[in-house]
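Structure first, then comments.
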Amino acid sequence: MSLLGPLVVAGVALDALFGEPRRHHPLVGFGNLAAGLERRLNTAAGGSIARGALAWVLAVVPPVVLIWWLAAQPLIGWLVSLVCLYAAIGWESLGAHARPVAQALERGDLPRARELVGRMVSRDTRALDEEGVARATVESVLENGSDAVFAALFWFAVAGAPGVVLYRLANTLDAMWGYRSPRFLLFGRVAARLDDLLNFIPARLVALSYALCGNARLALRCWRSQAPPWDSPNAGPVMAAGAGALERELGGPAIYHGVIEERPLLGEGPRATAVDIDRALALVRRSVLLWVLVIVLIWGLSHA
């Protein structure tokens, strides 16, 4: 892509300045479309992998083809690409969701902190203590940083506007359909597997970036030893490396849908506090700047 470097800088800058579009976000409309497809096609008892695959294709392929055509137009292609990247990145929204949790903890308002972190994670937050709230928030920042920022940058760098749109729509469908519940166990399997596939390389680059921007030796050791038992093939490396980079202990038991899930411990060091939420956001920020620098450097060398 001839304008890759400037477009990445501009897209990241727009997100840092304005955050996500507050009104008429395209993913809201896509989510409504996907929900309608799911209601129509997910009707078989116990769900159906084939119907889930069909719904995924119907939801994702037409928008990606449209964006591919628009991005190829000589006069507006660069603008289409910039808008797609800006809409796909969720860097500023990480802070917009996480900082209020830290502020509530610092005020001693645990009920409010529980409520706010409950909007970020799928676990039950009603009984969390201060450490549990801080831990859940730090984990969310590390994992969602990989999904909402770095993977979008990766696929934009690899395949331009069609690539970043494909990734963001696939990631959205995984968030909607990828649950291991009776309703989505079969129907959402294709969405979950494709999201795992699209995140495989970006997640490992993120883990490496967290290591380079924090305690590298501890991060790499935690990634190597603690990521394999984690139930998600991509969240494990990201959060293990992130926890090591921050020199904090994450993971451990959590309640999902009323059931305690015994999760492995991640990282080493003291347990998380409100201060570590800002430290996690700073780690993501340093890693984003590293990615932008590398992308611009590679683009510049290729055009020298």
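Count residues from 1 along the sequence.
Of the possible donor and acceptor atoms, one in the side chain of Asn42 sits under 3.5 Å from a partner among the backbone N and O of Arg183. Gln226 places a side-chain N or O within donor-acceptor distance of the main-chain N or O of Gly267, the cut-off being under 3.5 Å. A side-chain donor-acceptor contact under 3.5 Å links Arg286 to the backbone of Cys213. In this structure, the side chain of Trp230 does not engage the main chain of Met239 through any donor-acceptor pair within 3.5 Å. Proximity of a side-chain donor or acceptor of Arg135 to a complementary backbone N or O of Gly251 within less than 3.5 Å is detected.
Considering every non-hydrogen atom in both Val238 and Ser146, the closest pair reads CG2-OG, 3.7 Å. Closest approach of Ala272 and Leu250 over heavy atoms only: CB-CD2, 4.3 Å. The shortest non-hydrogen separation linking Gly90 to Val149 is C-CG2, 4.0 Å. Nearest heavy-atom pair, Arg168 versus Ala152, reported as atom, atom and distance to 0.1 Å: NH2-CB, 4.4 Å. Closest non-hydrogen pair, Ser2 versus Trp299, comes out as O-NE1, 2.9 Å. Between Leu70 and Ile76, the shortest heavy-atom distance links the atoms O-CG1, 4.0 Å.
Applying the side chain to side chain donor-acceptor pair (under 3.5 Å) definition to pairs two or more places apart or across chains, none involves residues 62-80. Within the structure, every pair that satisfies the salt bridge (Lys or Arg N to Asp or Glu O under 4.0 Å) test and touches residues 138-151, not counting sequence neighbours, is listed here: Arg123-Glu139, Glu139-Arg263.
Judged as a side-chain hydrogen bond (donor to acceptor under 3.5 Å, both in side chains), and not counting sequence neighbours, the contacts of Ser140 are Asn144. Listed by chain and number, the residues in a ring pair (Phe, Tyr, Trp, His ring centres under 6.0 Å) with Trp291 are Phe150 (sequence neighbours excluded). Not counting sequence neighbours, the partners of Arg119 by the side-chain hydrogen bond (donor to acceptor under 3.5 Å, both in side chains) test are Glu115. Arg39 is linked by a side-chain hydrogen bond (donor to acceptor under 3.5 Å, both in side chains) to nothing, counting only residues two or more places apart in sequence or in another chain. For Arg114, the side-chain hydrogen bond (donor to acceptor under 3.5 Å, both in side chains) test picks out no residue, with sequence neighbours left out. Checked against side-chain contact (heavy atoms from CB on, under 4.5 Å), Ser93 has the following partners two or more places apart in sequence or in another chain: Glu20, His97.
A chain of hydrophobic side-chain contacts below 4.5 Å, direct or via other Ile, Leu, Val, Met, Phe, Trp or Tyr residues, connects Leu198 to Val65. In terms of hydrophobic clustering, with Ile, Leu, Val, Met, Phe, Trp and Tyr side chains grouped at heavy-atom distances under 4.5 Å, Val133 and Leu265 are assigned to different clusters. At a threshold of 4.5 Å between side-chain heavy atoms, the hydrophobic network of Ile, Leu, Val, Met, Phe, Trp and Tyr places Val275 and Leu110 in two separate groups. The hydrophobic cluster containing Leu289 does not contain Leu142, counting ILVMFWY residues as joined when their side-chain heavy atoms lie under 4.5 angstrom apart, directly or transitively. Residues Leu218 and Leu266 do not share a hydrophobic cluster, defined by chaining ILVMFWY side chains whose heavy atoms lie under 4.5 Å apart.
Salt bridge present: Glu268 and Arg221 bring a charged side-chain N and a carboxylate O closer than 4.0 Å.
Taking 4.5 Å as the limit, every side-chain heavy atom of Leu66 sits out of range of all side-chain heavy atoms of Pro62. At a threshold of 4.5 Å between non-hydrogen side-chain atoms, the residues Asp231 and Glu261 count as touching.
Note that OG1 of Thr137 is 8.5 Å distant from CG of Leu116, once rounded to the nearest 0.5 Å. Atom-to-atom distance recorded for Leu293:CG and Leu297:CG is 6.0 Å, nearest 0.5 angstrom. With values rounded to the nearest 0.5 angstrom, Cys84 atom SG is found 4.0 Å from Ile67 atom CD1. Note that CD of Glu247 and CG of Asn215 are 4.5 Å apart. Values are rounded to the nearest 0.5 Å. For the atom pair CD1 (Ile201) and CG (Leu205), the distance works out to 7.5 Å, reported to the nearest 0.5 Å. The CZ atom of Phe30 sits 4.5 Å away from atom CG of Leu169, with the distance rounded to the nearest 0.5 Å.
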Using residues 276-285 as the side-chain source, report each donor-acceptor pair under 3.5 Å to any protein atom, sequence neighbours left out, with the distance given to one decimal.
residue, atom, partner, partner atom, Å
Asp276, OD1, Arg248, NE, 3.0
Asp276, OD1, Arg279, NH1, 2.8
Asp276, OD2, Arg248, NE, 3.1
Asp276, OD2, Thr273, N, 2.9
Asp276, OD2, Thr273, OG1, 3.4
Arg279, NH1, Leu246, O, 3.0
Arg279, NH2, Leu246, O, 2.9

Quiz: residues 7-19 side-chain donor-acceptor pairs under 3.5 angstrom, not counting sequence neighbours:
residue, atom, partner, partner atom, Å
Asp15, OD2, Trp91, N, 3.3
Asp15, OD2, Glu92, N, 2.8

Cut-off 3.5 Å, no hydrogens considered: what does the side-chain donor-acceptor table look like for residues 184-197, sequence neighbours left out?
residue, atom, partner, partner atom, Å
Asp195, OD1, Asn171, ND2, 3.0
Asp195, OD1, Asn199, ND2, 3.2
Asp195, OD2, Asn199, ND2, 3.4

(request) Carefully, step by step, assess Arg51 and Thr43 under the rule side chain to side chain donor-acceptor pair (under 3.5 Å). (result) CA-CA 9 Å; Arg51 289 187 174 215; Thr43 57; 2.9 Å; yes
(request) Report the C-alpha distance between Trp155 and Val158 in whole Å, list the side-chain angles of each, state the deciding distance to 0.1 Å, and finish with yes or no for side-chain contact (heavy atoms from CB on, under 4.5 Å). (result) CA-CA 5 Å; Trp155 284 109; Val158 168; 4.0 Å; yes
(request) In sequence, state the C-alpha distance, the side-chain angles, and the governing distance for Phe156 and Leu4, and then conclude on side-chain contact (heavy atoms from CB on, under 4.5 Å). (result) CA-CA 8 Å; Phe156 185 78; Leu4 174 62; 3.8 Å; yes
(request) Evaluate the side-chain contact (heavy atoms from CB on, under 4.5 Å) criterion for residues Leu153 and Leu85: first the C-alpha distance (whole Å), next the side-chain angles of each, then the deciding distance (0.1 Å), finally the verdict. (result) CA-CA 8 Å; Leu153 287 172; Leu85 179 60; 4.2 Å; yes
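Cluster partners of Ile298 are Leu208, Leu212, Leu220, Trp223, Leu290, Val294, counting Ile, Leu, Val, Met, Phe, Trp and Tyr whose side-chain heavy atoms approach within less than 4.5 Å, directly or via other members.
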